[in-house]
2 protein chains.
Amino acid sequence: MRIGELARHAGTEVETVRYYEREGLLPPPPRDASGYRRYGPAQLQRLAFIRHCRAFDMPLAEIRELLDFLAAPERSCQHINDLIDQHLARVRTRIAGLQALERQLSELRSHCASGQRAADCGILQELLAALPADDAPG
Amino acid sequence: MRIGELARHAGTEVETVRYYEREGLLPPPPRDASGYRRYGPAQLQRLAFIRHCRAFDMPLAEIRELLDFLAAPERSCQHINDLIDQHLARVRTRIAGLQALERQLSELRSHCASGQRAADCGILQELLAALPADDAPG
DNA sequence: GCTTGACCCCGTAGCGACTCCAGACTGCAG
DNA sequence: CTGCAGTCTGGAGTCGCTACGGGGTCAAGC
């Protein structure tokens, strides 16, 4: 299979496949007489694994670590669990941060009805009143 | 005030201030005899405004638009409301996506207890079983 | 044989919002 | 005078792609 077919099966882009190869996540495949990359099912499985991890929003560095475990089936998978736990913690932290952000934005939004002059806009007023007293210059 | 003090008051980094200047969010300030940037309270207020917006996770392009309103107090602030509404919608979409991700990750995590061989790790199994049947090559 | 179009190659630059670095200069305290 | 913190400039690095430009290859249709 050539790169376009591989990408299609994995639901991604040709450029992304070449990018993963450059980054060392996919091994350089053999080439045919025209220099085209030729892939087998094992490469597709590996690519699908990567895309599956990316769908979980994992950074490539972590995916790299997970890929190492595919090649070392006898190793303890404790580190895998740790990676997932850490990632889960990151996601939860991010959610909490965004929820706080959403509350603040809703509050901000409530300060202005539509169609006023910018000078009277409660939103701009709020955004301008951003200097904590102890940080203000003397 | 010099750039370090300005940055400290705004709770940010010197490099960030210079970056904002390069990006046109802060006007180039006057320089003293040694070429050091000298700032007044107005610049600090503007920088604090930007950082406040960034704390709301707004992209610099939107902040640029909001800054335009500070210079045009007679304009209608309808566009400001629209910007906040759009941003709020983005934040809510992102939260929903991350919550779905969190559920999937928790599910994934439940597939493996600690200390097994990688070959038996339920997490790796799940990640590998990523190929939908209709996408698999013939 | 010739064109058209889809596919592939490589290398490079761009995104957003910083962050860090090298190498030089300035300002102030001890 | 020495040392160190602060500042200057320009450029590169981060992350995960994405989009270009300029070419080669291949199968089908005329």
Side-chain angles (χ1 to χ4, degrees), chain A residues 1-26 28-39 43 46-67 86-87 90-91 94 97-98 101 137, chain B residues 1-26 28-39 43 46-67 83 86-87 90-91 94 97 101 137:
Chain A
M1 144 178 57
R2 292 190 303 194
I3 197 170
E5 196 184 351
L6 181 83
R8 216 164 29 250
H9 282 308
T12 186
E13 302 283 328
V14 167
E15 282 93 349
T16 305
V17 177
R18 285 197 284 252
Y19 170 70
Y20 288 161
E21 182 181 325
R22 276 201 305 282
E23 293 299 303
L25 293 161
L26 292 174
R31 305 289 184 116
D32 67 14
S34 308
Y36 292 6
R37 293 169 176 84
R38 304 316 295 238
Y39 296 95
Q43 264 56 42
R46 191 176 173 94
L47 175 58
F49 178 93
I50 296 170
R51 293 307 297 172
H52 202 171
C53 292
R54 285 294 300 140
F56 284 125
D57 220 16
M58 284 179 210
L60 295 188
E62 281 182 21
I63 299 174
R64 225 180 293 264
E65 294 191 62
L66 291 179
L67 285 169
Q86 283 167 30
H87 186 57
R90 272 203 309 272
V91 170
R94 183 76 182 134
L98 283 175
L101 177 58
Chain B
M1 150 178 50
R2 293 190 304 195
I3 195 169
E5 196 185 350
L6 180 83
R8 214 164 33 250
H9 282 308
T12 185
E13 302 282 327
V14 166
E15 281 91 351
T16 305
V17 177
R18 285 197 283 252
Y19 170 71
Y20 288 162
E21 182 182 324
R22 276 201 304 283
E23 293 298 304
L25 293 161
L26 291 174
R31 306 291 184 112
D32 67 15
S34 308
Y36 290 7
R37 294 170 176 83
R38 303 317 294 241
Y39 297 94
Q43 263 57 42
R46 192 176 172 94
L47 175 58
F49 178 93
I50 296 171
R51 293 308 298 171
H52 201 171
C53 292
R54 286 294 300 139
F56 284 128
D57 221 15
M58 283 179 210
L60 295 188
E62 281 183 21
I63 299 173
R64 226 180 293 263
E65 295 192 62
L66 291 179
L67 285 169
L83 278 182
Q86 283 168 30
H87 186 56
R90 273 204 308 273
V91 169
R94 183 76 182 133
L101 177 57

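Per chain, numbering begins at 1; letters A, B, ... match sequence-line order. Please read all numbers here as calculations on a predicted model, not as lab measurements.
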Describe, as an angle rounded to 10 degrees, how the axis at the first end of the helix from C:dG1-D:dC30 to C:dG30-D:dC1 is tilted relative to the axis at the last end, five pairs per end.
20°
Please give, in whole Å, the distance from [N] [atom2] to [X] [atom1]?
X: B:Glu21; N: C:dA17; atom1: CD; atom2: C1'; result: 16 Å
X: B:Tyr39; N: D:dG6; atom1: OH; atom2: P; result: 16 Å
X: B:Leu6; N: D:dC8; atom1: CG; atom2: P; result: 11 Å
X: A:Arg8; N: C:dA6; atom1: CZ; atom2: P; result: 13 Å
X: A:His87; N: D:dC15; atom1: NE2; atom2: C1'; result: 14 Å
X: A:Ile3; N: D:dT25; atom1: CD1; atom2: P; result: 17 Å
X: A:Met58; N: D:dC15; atom1: CE; atom2: P; result: 17 Å
X: A:Arg37; N: C:dC7; atom1: CZ; atom2: P; result: 17 Å

Distance in Å, [X] [atom1] paired with [Y] [atom2], rounded so as to fall on 0.5 Å steps:
X: B:Glu65; Y: B:Glu62; atom1: CD; atom2: CD; answer: 6.5 Å
X: B:His9; Y: B:Leu47; atom1: NE2; atom2: CG; answer: 11.0 Å
X: B:Gln43; Y: B:Tyr20; atom1: CD; atom2: OH; answer: 15.0 Å
X: B:Ile3; Y: B:Glu15; atom1: CD1; atom2: CD; answer: 8.5 Å

Locate the shortest heavy-atom distance separating [X] from [Y]; write the atom from each residue and the value.
X: A:Gly4; Y: A:Val14; result: CA-CG2, 3.8 Å
X: B:Ile50; Y: B:Ile63; result: O-CD1, 3.9 Å
X: A:Pro29; Y: A:Arg38; result: CB-O, 3.4 Å

A:Arg64 side chain vs A:Gly24 backbone, donor-acceptor pair below 3.5 Å
no
If only side-chain N and O atoms of B:Arg31 are considered, is one of them under 4.0 Å from the OP1 or OP2 phosphate oxygen of D:dT9?
yes
Each nucleotide in nucleotides 18-30 of chain C should get exactly one letter: B, S or -. Can you fill that in based on protein heavy atoms under 4.0 Å?
BBB-----BS---
For A:Glu13, I'd like to know if atom CD has over 12 heavy atoms of other residues, nucleotides or ligands within 6.0 Å.
no
